[in-house]
Amino acid sequence: MKRHGVGTTITEHILREERENPEATGAFTTLLNELIVAAKVVSREVNKAGLVDILGSTGRINVQDENVQKLDAFANQVLIERMQHIGQLCCMGSEENADLIDIPPDYPKGNYILLFDPLDGSSNIDVNVSIGTIFGIFKKNSEETNIDILLTDVLQPGIKQVAAGYFIYGSSTIMVYTTGKGTGVHGFTLYPSLGEFLLSHKNIQVPEKGKIYSVNEGNYSHWDEKTRALIDYFKTDDKETGRPYTSRYVGSLVADFHRNLLKGGIFMYPADKKDPKKPTGKLRLMVEANPLAMVVKEAGGYASDGHGPILEIDPSELHQRTPLYIGSKKDVELAEAFISGKYTGETS
Ligand code: AFP
């Protein structure tokens with residue numbers, strides 16, 4: 001409903017979802033609202049990144065052996081500082097922190113666990129390509145609030161996420177999120193002069209089959225035969241099955257995922273032999289693959305590690321890596337058939 005020329009705000013949307021859930025206590029609404037404030041702060045800094053002395057590296061190497069960009073460090077700090085005081089979290093986990101992030105003793109604790117990648121695609125910061133923040137939210141198993149959280153409380157399969165989504169800092173800033181269970185995936189665009197996210201993409205559905213494949217093909221020589229055969233398949237001419245596909249790859253997971261979510265297609269980061277320390281590919285299960293897998297599932301798509309659903313992987317480490325095939329259901333099922341060696345012939 002339009003109110004005085006403004007569409008549905010994200011706050012209205014979250015409150016409506018809260019009213020429709022008889023078990024809701026308001027805790028989750030508080031959590032999401034504060035996350036949105038944090039993302040607005042990050043968005044503001046990203047937008048002025050070229051104007052101030054914030055570009056470039058801190059010179060520090062993070063837990064993933066990557067050079068930490070200043071904006072990564074900033075986004076991480078903003079998220080931690082804004083989220084730790086709200087009283088709804090029992091701990092956090094960030095791509096930038098080796099260990100779980102505790103809630104300081106002077107703040108109240110809650111039942112939710114927030115996992116995030118504060119600034120995904122950071123190698124694209126200096127060149128003005130879209131980057132993003134990815135988040136997944138779990139609930140801890142016990143209802144007791146004043147207990148110490150162990151890593152085993154956090155290491156739950158993605159299917160247990162109660163919400164997940166991302167912010168994309170692109171030509172505009174967009175938040176896409178879902179609370180699962182058929183509530184849909186919705187996109188909200190930040191309206192700069194209002195400072196509000198307004199509903200812009202209602203009930204996003206990913207096309208069942210797409211025309212786009214997104215992968216870093218520079219890794220071709222490091223892939224196994226099955227992976228190469230899959231990529232060759234997408235590039236081969238065949239009118240009946242809609243090939244060749246179009247190649248699109250930005251190198252920011254959020255941006256590549258968002259495009260394929262709206263247009264259809266498949267994003268892949270296969271396992272490769274490039275780095276013996278990362279035999280299962282580059283992407284992280286808990287802060288990248290799981291949240292996007294929840295979003296794509298709710299939008300009618302699928303996410304696989306090449307052998308089965310991402311959401312069913314039982315994690316053993318906070319920073320576990322996984323191969324990722326994600327997007328249109330039929331395209332991902334086809335990729336799974338190739339990778340698991342079950343592909344038998346042409347599909348439409
Ligand atoms: P950075 O945040 O270090 O740029 O990594 C981004 C990312 O994890 C993901 O956003 C991209 O899809 C992927 O890496 C790109 O990796 P390649 O550069 O190996 O293609």
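Every number for a ligand or one of its atoms is a count from 1 in the order of the listing. Note that the numbering runs from 1 along the sequence shown for the chain.
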TODO: State plainly whether the residues K330 and E333 are in salt-bridge range, i.e. N to O under 4.0 Å.
DONE: no
Task: Aromatic centroids of F197 and H13 separated by under 6.0 Å - done: no
- [ ] Just grab all the ring pair (Phe, Tyr, Trp, His ring centres under 6.0 Å) pairs involving residues 79-121, residues at least two apart or on different chains.
- [x] F28-Y112
Task: From CA spacing to verdict: side-chain contact (heavy atoms from CB on, under 4.5 Å), I266, S328 - done: CA-CA 6 Å; I266 180 167; S328 292; over 6 Å; no
Task: Aromatic centroids of Y166 and F135 separated by under 6.0 Å - done: no
Quick check for students: name every N or O atom pair between ligand 1 and the protein closer than 3.5 Å, with distances.
unit_1, atom_1, unit_2, atom_2, d
ligand 1, 2 (O), G121, N, 3.0
ligand 1, 2 (O), S122, N, 2.9
ligand 1, 2 (O), S122, OG, 3.0
ligand 1, 4 (O), S122, N, 3.1
ligand 1, 4 (O), S123, N, 3.0
ligand 1, 4 (O), S123, OG, 3.0
ligand 1, 5 (O), K282, NZ, 3.4
ligand 1, 8 (O), R284, NH1, 3.1
ligand 1, 8 (O), E288, OE2, 3.3
ligand 1, 10 (O), D120, OD1, 2.9
ligand 1, 10 (O), D120, OD2, 2.9
ligand 1, 10 (O), L253, N, 2.7
ligand 1, 12 (O), L253, N, 3.3
ligand 1, 14 (O), K282, NZ, 2.9
ligand 1, 16 (O), K282, NZ, 3.0
ligand 1, 19 (O), Y269, OH, 2.5
ligand 1, 20 (O), N216, ND2, 2.8
ligand 1, 20 (O), Y249, OH, 2.5

- [ ] Determine whether the aromatic ring centres of Y213 and F267 lie less than 6.0 Å apart.
- [x] no
